[in-house]
Amino acid sequence: MMELRFLDPYKIRLTKAGGCWLLLDLQDGSEPVKVKPARNFPLTDPEHYISLLTEDENEIGVIYDTKKLEPRSRKALRSILDRIYFLPVIQKVNNITEEFGVLRWDVETSKGHRVFEVRGRHDIRVVTQFHLVIRDIDGNRYHIPDLRKLDRTSRHLVEVIL
């Protein structure tokens, strides 16, 4: 059984290493290690419990609180996590149509206007009663943090397909 290893945020440095990779310097005299960050709780606690994984998916350790990292490391980590966990917030639903079981969504998001297709209702995950995550046919995810906060028309369009 593996033991969970928490990394001391005051004793590590992270720098970008290209793509979705970071270089982890443990500042203990060992060679820096190329790692990829992974959120253990991406929707419910995105700033805590960040695993740092090697290229062969071995976990080096976990950063409990990203806010305790020195500013440059925090900025490097955040930019990679934002790239990996690109999750636009749906702010308005213009239309949802269905043809042959495929749902076509026309929405306004925190990243602008988007039109995407969803294979079916099984790709709409209800995280909590009013919190939804929608995965399109390309694997992109979209987020409705609180269905109750959408306008009446948007809410109705989503509720009809749930």
Does Trp105 share a hydrophobic cluster with Val133, counting links as ILVMFWY side-chain heavy atoms below 4.5 Å and allowing steps through other members? no

Nearest 0.5 angstrom please: Ile124 CD1 to Ile96 CD1, how far? 7.0 Å

In Å and rounded to the nearest 0.5 Å, what is the CZ to CD1 distance from Arg104 to Ile137? 9.5 Å

Can a side-chain donor-acceptor contact be found between Asn95 and Asp106 if the only test is distance below 3.5 angstrom? no

If I take atom CZ from residue Arg5 and atom CG from residue Leu52, how far apart are they, to the nearest 0.5 angstrom? 10.0 Å

Side chains of Leu77 and Ile63: closer than 4.5 Å at any heavy-atom pair? yes

State, with a plain yes or no, whether a side-chain heavy atom of Ser73 is found less than 4.5 Å away from one of Ile12. no

Spell out, yes or no, whether Leu147 and Val93 are grouped together once hydrophobic residues are joined by side-chain heavy atoms under 4.5 Å, including indirect joins. yes

Distance-only side-chain donor-acceptor flag, Asp56 / Asn58, under 3.5 Å: yes

Say whether Leu87 and Leu132 are linked into one hydrophobic cluster, either directly or through other cluster members, by side-chain heavy-atom distances under 4.5 angstrom. no

Taking all non-hydrogen atoms of both residues, which atom of Arg39 and which atom of Tyr85 are closest, and how far apart? N-OH, 2.8 Å

Any chain of hydrophobic side-chain contacts (each under 4.5 Å) joining Ile90 to Val127? no

Do Ile144 and Tyr142 have side chains that approach each other closer than 4.5 Å (heavy atoms only, starting at C-beta)? no

Smallest separation among heavy atoms of Ser79 and Lys16, with atom names: OG-CE, 2.8 Å

Under a single-linkage definition using a 4.5 Å side-chain heavy-atom cutoff for Ile, Leu, Val, Met, Phe, Trp and Tyr, are Ile84 and Leu14 assigned to the same hydrophobic cluster? yes

Sub-4.5 Å side-chain heavy-atom contact between Leu22 and Leu24: no

Please step through side chain to side chain contact (heavy atoms under 4.5 Å, CB included) for the pair Lys36 and Glu55, ending with a clear verdict. CA-CA 7 Å; Lys36 188 174 200 176; Glu55 292 179 89; over 6 Å; no

Inspect the contact between Arg78 and Glu47 and indicate whether a charged nitrogen and a carboxylate oxygen are less than 4.0 angstrom apart. yes

Quick one: does Asp136's side chain have a donor or acceptor within less than 3.5 Å of a partner on Phe116's backbone? no

Indicate the atoms forming the closest heavy-atom contact of Arg83 with Cys20, along with that distance. CD-SG, 3.4 Å

Mark yes or no for whether Arg141, through its side chain, and Arg135, through its backbone, hold a donor-acceptor pair below 3.5 Å. no

In Å, rounded to the nearest 0.5 Å, how long is the span from OH of Tyr64 to CG of Asn40? 12.5 Å

Which heavy atom of Val62 sits nearest a heavy atom of Ser51, and at what distance? CG2-OG, 3.8 Å

Asn94 and Glu108: which non-hydrogen atoms are nearest, and at how many Å? ND2-OE2, 2.9 Å

State the OG1-OH distance between Thr66 and Tyr49, to the nearest 0.5 angstrom. 12.5 Å

Checking Arg121 now: which residues fulfil salt bridge (charged side-chain N to carboxylate O under 4.0 Å, His left out) with it, not counting sequence neighbours? Glu98

Within the side chain of Asp138, is there an N or O that forms a donor-acceptor pair under 3.5 Å with the backbone of Asn140? no

Hey, mind stepping through Leu150 and Leu157 against side chain to side chain contact (heavy atoms under 4.5 Å, CB included) and telling me if it holds? CA-CA 10 Å; Leu150 292 178; Leu157 288 167; over 6 Å; no

Looking only at non-hydrogen atoms, find the nearest pair between Ile60 and Thr54 and report the distance. CD1-CG2, 3.4 Å

Heavy atoms, side chains only, cut-off 4.5 Å: are His143 and His131 in contact? yes

Salt bridge (charged side-chain N to carboxylate O under 4.0 Å, His left out) filter on Asp146, not counting sequence neighbours, yields Arg148

Within the supplied structure, the quantity of interest is the number of heavy atoms (other residues, nucleotides, ligands) at a distance under 6.0 Å from Gln129 CD; does it exceed 12? no

Taking the side chain as C-beta and beyond, is there a heavy-atom pair between Asp65 and Pro9 under 4.5 Å? no

